[in-house]
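We name chains A, B, ... by the order of the sequence lines, and we start the count at 1 in each one.
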Protein chains: 2
Amino acid sequence: MSLEMFESFLEEHCLKATRQRRSVYAEILAMDEHFDVDSLLLRLKQNGQRISKATIYRTLQLLMECGLLRRVQLAPDGMDAMYAACPEGCAIDNLVCTTCGKTVQFSKEGVCNLCEDIATKYGFALSSHCLNIFAVCPECQKKQGDE
Amino acid sequence: MSLEMFESFLEEHCLKATRQRRSVYAEILAMDEHFDVDSLLLRLKQNGQRISKATIYRTLQLLMECGLLRRVQLAPDGMDAMYAACPEGCAIDNLVCTTCGKTVQFSKEGVCNLCEDIATKYGFALSSHCLNIFAVCPECQKKQGDE
DNA sequence: GCAGTCAATGCGATTGATTCTCAATTGCTA
DNA sequence: TAGCAATTGAGAATCAATCGCATTGACTGC
């Protein structure tokens with residue numbers, strides 16, 4: 001569905017819908033997970049696509065400009081650049097295990113309402129939000145208990 | 001108050017409470033705002049401190065390990081590394097203007113409760129969270145209206 | 001208070017992610 | 001299908017962050 005959004009964004013801004021741009025976004029949608037630039041490049045190559053890293057960076061930039069992609073911070077000290085496709089409404093909420101790094105994307109309408117309330121309280125006009133919850137997943141809790 | 005927390009963390013881990021480590025954290029507390037490495041270095045130099053950038057990075061790393069500091073992402077495509085001191089409970093909630101970059105740190109107990117609920121639902125043990133709300137501040141709304 | 005020890009610092013070099021440059025390629029329009 | 005302008009690819013350049021090592025300085029026992 002949002003491949004069309006990307007294409008209409010390109011059209012509106014007089015940008016070309018090239019093979020590379022399409023395949024980058026298609027691959028992102030196919031992954032259905034957060035990713036870094038190297039793993040995206042690897043997957044594209046494995047699928048037989050010819051594409052350079054520079055083009056990937058340029059396309060990611062475009063996708064962020066049109067709100068279809070976001071950088072996400074998957075650790076409190078997160079140095080690594082990770083990206084994730086934005087679902088409808090452009091909110092990304094992650095539950096991240098601080099031990100093994102496993103992440104769960106969830107959505108809960110309560111979060112949006114809360115953000116709306118807070119923005120309104122300070123006179124801001126809500127655009128989007130990003131919530132990361134850092135916690136220990138059940139498997140890691142069990143492992144820690146065993147020691 | 002939390003300068004002592006830092007010092008006891010250092011003691012517990014057999015690390016030395018050096019002049020540089022103290023002054024970095026003191027400066028962070030004095031700033032009471034998010035910051036990047038360069039502005040922190042500048043302020044320390046202006047205060048007459050002799051300190052190198054490498055030491056600042058090493059100290060920030062330590063502060064993050066003991067939970068007194070966090071990286072924050074102040075834009076949906078946030079490329080720049082910004083840091084902020086963690087208040088009690090180690091939650092950082094920001095309301096960020098997507099137009100001018102102004103940020104408001106707020107705290108609302110509802111957010112913590114919601115995170116607790118979500119973590120529990122997935123069987124995770126809550127550690128901390130980080131919520132960024134991207135919105136347009138009142139001033140920028142007004143400016144946009146004027147055009 | 002003083003000397004000795006070893007962690008911490010500072011500096012310069014290095015790494016690695018991201019961006020830039022520019023010639024070659026490729027979408028799109030007529 | 002030709003022509004133009006935008007886009008791409010490859011490698012160079014940039015810049016934040018890290019590393020290595022000689023020097024400095026915080027803590028211990030005397």
Side-chain angles (χ1 to χ4, degrees), chain A residues 3 6-28 34-42 44-45 47-66 69-83, chain B residues 3-4 6-27 34-42 44-45 47-66 69-83:
Chain A
L3 193 58
F6 186 33
E7 292 187 353
S8 48
F9 172 88
L10 292 176
E11 200 175 336
E12 277 167 35
H13 293 255
C14 300
L15 299 167
K16 292 178 181 171
T18 62
R19 175 177 56 74
Q20 288 88 338
R21 286 177 176 161
R22 284 177 218 270
S23 59
V24 165
Y25 191 46
E27 193 63 47
I28 289 173
H34 56 91
F35 61 91
D36 60 21
V37 171
D38 284 327
S39 64
L40 177 60
L41 180 62
L42 184 66
L44 285 163
K45 297 263 180 191
N47 287 5
Q49 300 285 340
R50 268 183 308 99
I51 191 165
S52 72
K53 212 178 231 189
T55 299
I56 292 189
Y57 277 107
R58 287 185 282 232
T59 307
L60 294 182
Q61 194 59 46
L62 273 180
L63 286 166
M64 288 194 286
E65 278 166 32
C66 67
L69 189 78
R70 275 265 277 281
R71 280 189 65 136
V72 292
Q73 186 197 6
L74 293 184
D77 61 348
M79 246 11 214
D80 327 337
M82 300 291 283
Y83 300 84
Chain B
L3 191 59
E4 281 103 69
F6 186 33
E7 293 186 353
S8 48
F9 172 88
L10 292 175
E11 200 175 337
E12 277 168 34
H13 293 255
C14 300
L15 300 167
K16 292 178 182 172
T18 62
R19 176 177 55 75
Q20 288 88 337
R21 286 177 177 163
R22 284 177 218 270
S23 59
V24 165
Y25 191 46
E27 193 63 48
H34 56 91
F35 60 91
D36 60 22
V37 170
D38 284 327
S39 65
L40 177 59
L41 180 62
L42 184 65
L44 285 162
K45 297 262 181 192
N47 288 3
Q49 301 285 339
R50 268 182 307 100
I51 191 165
S52 73
K53 210 177 233 188
T55 299
I56 291 190
Y57 278 109
R58 287 184 283 232
T59 306
L60 294 182
Q61 195 59 46
L62 274 180
L63 286 166
M64 287 193 286
E65 278 166 32
C66 67
L69 189 78
R70 275 265 276 281
R71 280 188 65 135
V72 292
Q73 187 196 6
L74 294 184
D77 61 348
M79 248 9 215
D80 327 336
M82 300 292 281
Y83 300 84

Would you kindly give the [atom1]-to-[atom2] distance between [X] and [N], to the nearest whole Å?
| X | N | atom1 | atom2 | answer |
| --- | --- | --- | --- | --- |
| B/Met82 | D/dA16 | CE | C1' | 14 Å |
| B/Lys45 | C/dT9 | NZ | C1' | 12 Å |
| B/Leu41 | C/dG10 | CG | P | 10 Å |
| B/Glu7 | C/dA8 | CD | P | 14 Å |
| B/Ile56 | D/dA16 | CD1 | P | 13 Å |
| A/Asp80 | D/dA16 | CG | P | 18 Å |
| A/Arg21 | C/dT26 | CZ | C1' | 12 Å |
| B/Gln49 | C/dT9 | CD | P | 13 Å |

If you round to the nearest 0.5 Å, how far is OG of B/Ser39 from CD of B/Glu27?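 Interatomic distance, B/Glu27 CD to B/Ser39 OG, rounded to 0.5 Å: 9.5 Å.
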Could you write out each protein N or O paired with an N or O of nucleotides 17-25 of chain D at a distance under 3.5 Å?
{"residue": "D/dA17", "atom": "OP2", "partner": "B/Tyr57", "partner atom": "OH", "Å": "2.1"}
{"residue": "D/dA17", "atom": "O5'", "partner": "B/Tyr57", "partner atom": "OH", "Å": "3.2"}
{"residue": "D/dG25", "atom": "N2", "partner": "B/Lys16", "partner atom": "NZ", "Å": "3.3"}

Hey, does the side chain of [X] reach the backbone of [Y] with a donor-acceptor pair shorter than 3.5 angstrom?
| X | Y | answer |
| --- | --- | --- |
| A/Gln20 | A/Thr55 | no |
| A/Gln49 | A/Ser23 | no |
| A/Lys45 | A/Ile51 | yes |

Which one of A/Leu69, A/Thr18, A/Ile28, A/Val24 satisfies the side-chain contact (heavy atoms from CB on, under 4.5 Å) criterion with A/Thr59?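 So the option named by the test is A/Val24.
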Quick one, B/Arg22 with B/Glu7, criterion salt bridge (charged side-chain N to carboxylate O under 4.0 Å, His left out). Give me CA distance, side-chain angles, the key distance, then yes/no. CA-CA 8 Å; B/Arg22 284 177 218 270; B/Glu7 293 186 353; 2.6 Å; yes
Could you work out which one of C/dA8, D/dT7, D/dG9 sits closest to the side chain of A/Leu15?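 Nearest to the side-chain atoms of A/Leu15, counting from C-beta on, is D/dT7.
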Restricting to salt bridge (charged side-chain N to carboxylate O under 4.0 Å, His left out), what partner residues turn up for B/Arg50, sequence neighbours left out?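 Expected list: none.
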Tell me whether the side-chain N/O atoms of A/Ser52 come closer than 4.0 Å to OP1 or OP2 in D/dA10.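 The answer is no; no side-chain N or O of A/Ser52 sits under 4.0 Å from OP1 or OP2.
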OP1 or OP2 of D/dA6 versus the side-chain N and O atoms of A/Thr18: is any pair under 4.0 Å?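 So the side-chain polar atoms of A/Thr18 never come under 4.0 Å of the phosphate oxygens OP1 or OP2 of D/dA6.
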